[in-house]
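None of the values given here were measured: they were computed from a predicted structure.
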Amino acid sequence: MQQLSLLIVMLAALIIPIIMVRFKVSSVPTAVAEILTGIVIGKSFLNIVNPNAILNMMSSLGVIMLMFLSGMEINFDLFRKTPGKKRDSKSPVVMASQAFGLVVVTALVIAIVISRLHLFNDVLLATIIFSTIALGVVIATLKEKDILQKPVGQTILLTAVLGEVIPMLALTFYASINGGNAKKLWLIVLLFLAAFFLLWRFKQTFAWFNKISKSTTQLDIRLAFFLIFALVTIAETVGAENILGAFLAGMVMKLLEPSDATEDRLNSIGYGFLIPFFFIMTGDRLDLKNLFANRQALALIPILVIGFILAKLPTMLVYRRRFKPRNSLAGSFLVATTITLVLPTLQVAQNLHAITRAQSDAFTLAAVIVCIIAPILFNSMYKLEKSDLIKQRVNFVGANTLTVPISQQLYKNWYDVRMVTDNENNFKTYNSEVKHLEYMPKLDAESLEKGGYFDCDIMVVGFLNDRKSARLAQIAKEHGVKRVIASQNNPSLDPKEVAALRKKGVEIFNNFNVQSSALRGLIESPSILRMLTDTEAGLFEATVLNSRYIGRELHTLPFINHITVSRIFRNHKPIDPHGDTVIEYGDHLLFTGDRQAAQEVREELRRSN
């Protein structure tokens, strides 16, 4: 019977996404669909799956993996403050902190009101539950809108991160105090010290792991699971919750800077295998028959749904300082989603006998209802703004015959472009040709910082003077610019200095190398020059993230007649494409075609779902 129950759950995990794709159900998160399926096959309806030792173990591993992957979703670059620069009051970090502060206050008020109504008396536990946010659901929804990396997406994302981290820490303290381990709370410090030690220990060796790893060893994946079980074991030993240890393991893994391939494999193990067990078994354990028979618990459901939404609505007051009122309200509805941390919180509360089974089921069902409603409201209300259409912020330092034409082409393709020069003659020459060109008599760290030129995604330093380019490129990296491209056209720099720049992450652009490559390409493939210089058509690239096209042969793609795929890079290795080449997740496609059609194809391939 145990094997049959396991088989049914695995079959359900397989067919749920197939059914959702077949009937185009995109507004409901997969996690919610899995919980609903668990309700159907569990004791509430069909009663064909009964919890057993194997399923309980797989469910526990699923929630641990979910917390680990949630920790890996944090973008720590957002928390890095630019040296010597005050934090902008409208930055995502500041706004998210203020927004979540309002959430905690509102959650406390709602918890007190419910307590006064004698519906649920544990104010602290209710405050923790009402302040939680489903990070995984938020990330998936923002990716679908393609605004995860935009200011509004980053603000909502960081609010969700706080809505998962802070309640998780609060839950640990709650469990320790109510479990009679208050005197051992200081031991939780050991868990964080262990996380720092593991990060320090593997920071240098992780890159070496990637070099010696083989398909049969997968050292990066082995390290990930070692981190998970090491910190989970320490967490349980010091009296903390195992989900906190798993979350810290995810943060450590993220700080080790794993490759995209490593993250993809971990996501595959988690979302493809372990995590569905957790959500399906959560629904399976729900006893709706007893819930509906309990009038007090039944009356609690609509109040909880309203409470989950009202607790997050004040975030709109913060969001509207920077974003449109309509989109601010949509963002508030999105952060109302709460399911991933609610479930383990309720499990902890049940283990401590702080909540009845009927009350736990009421909270779970209310969280499921909100997870269905909130993303639908967000998708129907949110309207893309002009800033959402801008791909990246590119700042050029230096105005000349190379940088000016490039900046003009990027601006036409919805890049946010700025340019600065210290040459007054060049400023007068190009001022009418470049929309955002500024003249600074002296280009140094102070002037560039004051002008906000370090606040960008890409900085291009293009001077004929190699030493000047190298100096400003180094300053840009020191001020936290993610990508810095510097021109080096004359052999005036020592090769060791160039190597030092590359080691710091500066990308070197050399006219001679580019011209040599173009000439070789022209000899080997005469059509390449036309592709590179054609203004109506061009050479494009895209990474396949859209699951609609994964596993399909190249010739079956609906837009294949509008483009020509010239090369596919898979795991950093080039392969020659054929009509029967099967597309895989993460494939990097190089293709040519009409500019407008190619742009649409690129956006379609990159869209995560």
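I133 and K312 get closest at one heavy-atom pair: CG1-NZ, 4.1 Å. When all heavy atoms of G586 and T543 are compared, the pair lying nearest together is O-CG2, 3.8 Å. Of all heavy-atom pairs spanning P92 and P151, the tightest one is CG-O, 4.3 Å.
Side chains of V420 and N395 form no contact here, defined as non-hydrogen atoms less than 4.5 Å apart. L227 has its side chain within reach of L256: a pair of non-hydrogen atoms, C-beta onward, lies under 4.5 Å apart. Looking at T421 and M440, their side chains never come closer than 4.5 Å, going by heavy atoms from C-beta outward. For the pair F100/P167, a side-chain contact is recorded, criterion being any heavy-atom separation below 4.5 Å from C-beta on. Looking at heavy atoms from C-beta onward, L266 lies in side-chain contact with M65 at the 4.5 angstrom threshold. Proximity of E449 to Y453: side-chain heavy atoms (C-beta onward) are nowhere separated by under 4.5 Å. D422 is not listed as a side-chain neighbour of P441, based on a closest heavy-atom distance of 4.5 Å or more.
For D122 and Y174, the side-chain atoms include at least one donor-acceptor pair closer than 3.5 Å.
Looking at S115, its side chain never comes within 3.5 Å of a backbone N or O of A111 through a donor-acceptor pair. For the pair R326 (side chain) and M381 (backbone), a donor-acceptor distance under 3.5 Å is present. Between the side chain of N267 and the backbone N or O of E263 there is at least one donor-acceptor pair closer than 3.5 Å. Between the side chain of S487 and the backbone N or O of F509 there is no donor-acceptor pair closer than 3.5 Å. Checked by atom type and distance alone, the side chain of S469 pairs as donor or acceptor with a backbone atom of F463 at under 3.5 Å. S131 contributes a side-chain N or O that, together with a main-chain N or O of T127, makes up a donor-acceptor pair within less than 3.5 Å.
To the nearest 0.5 Å, atoms CG (L162) and CD (Q98) are separated by 11.5 Å. Interatomic distance, CG of L255 versus CZ of F202, reported as 14.5 Å (0.5 Å rounding). Note: L248 CG to I228 CD1 = 12.0 Å, rounded to the nearest 0.5 Å. The OG1 atom of T155 sits 5.0 Å away from atom CE of M95, with the distance rounded to the nearest 0.5 Å. Taking NZ of K482 as the reference point, atom CE of M459 lies at 15.5 Å (rounded to 0.5 Å). Residue I221 holds its CD1 atom at 5.0 Å from CD1 of I269, rounded to the nearest 0.5 Å.
Here D444 pairs with K442 under the salt bridge (Lys or Arg N to Asp or Glu O under 4.0 Å) rule; sequence neighbours left out. By the side chain to side chain contact (heavy atoms under 4.5 Å, CB included) test, I303 pairs with I114, L119, sequence neighbours left out. With sequence neighbours excluded, no residue forms a salt bridge (Lys or Arg N to Asp or Glu O under 4.0 Å) with K477. Remark: S268 pairs with no residue by the side chain to side chain contact (heavy atoms under 4.5 Å, CB included) rule, at least two apart or across chains. Taking the side chain to side chain contact (heavy atoms under 4.5 Å, CB included) definition, one finds that A235 meets it with L191, A240, sequence neighbours left out. Under the rule for a ring-ring contact (aromatic ring centres under 6.0 Å, His included), the partners of F120 that lie at least two apart in sequence or sit in another chain are F363. For R483, the salt bridge (Lys or Arg N to Asp or Glu O under 4.0 Å) partners at least two apart in sequence or on another chain are E507. Partners of F197 under the ring-ring contact (aromatic ring centres under 6.0 Å, His included) rule, at least two apart in sequence or in another chain, are W200. With sequence neighbours left out, F378 forms a ring-ring contact (aromatic ring centres under 6.0 Å, His included) with Y382. Contacts of T30 classified as side chain to side chain contact (heavy atoms under 4.5 Å, CB included), with partners at least two apart in sequence or in another chain: M20, E34. Considering only residues two or more places apart in sequence or on other chains, E604 meets the salt bridge (Lys or Arg N to Asp or Glu O under 4.0 Å) condition with R548, R607. Legend: residues meeting side-chain hydrogen bond (donor to acceptor under 3.5 Å, both in side chains) with S70, ordered by chain and number and at least two apart, are E164.
Within 6.0 Å of CZ on R201 lie no more than 12 heavy atoms contributed by other residues, nucleotides or ligands. A 6.0 Å sphere centred on CZ of F196 holds no more than 12 heavy atoms belonging to other residues, nucleotides or ligands.
Considering N379, L313, I376 as possible partners of F333, the one that fulfils the side chain to side chain contact (heavy atoms under 4.5 Å, CB included) test is L313.
Ring centers of F130 and F308: under 6.0 Å apart, within the cut-off.
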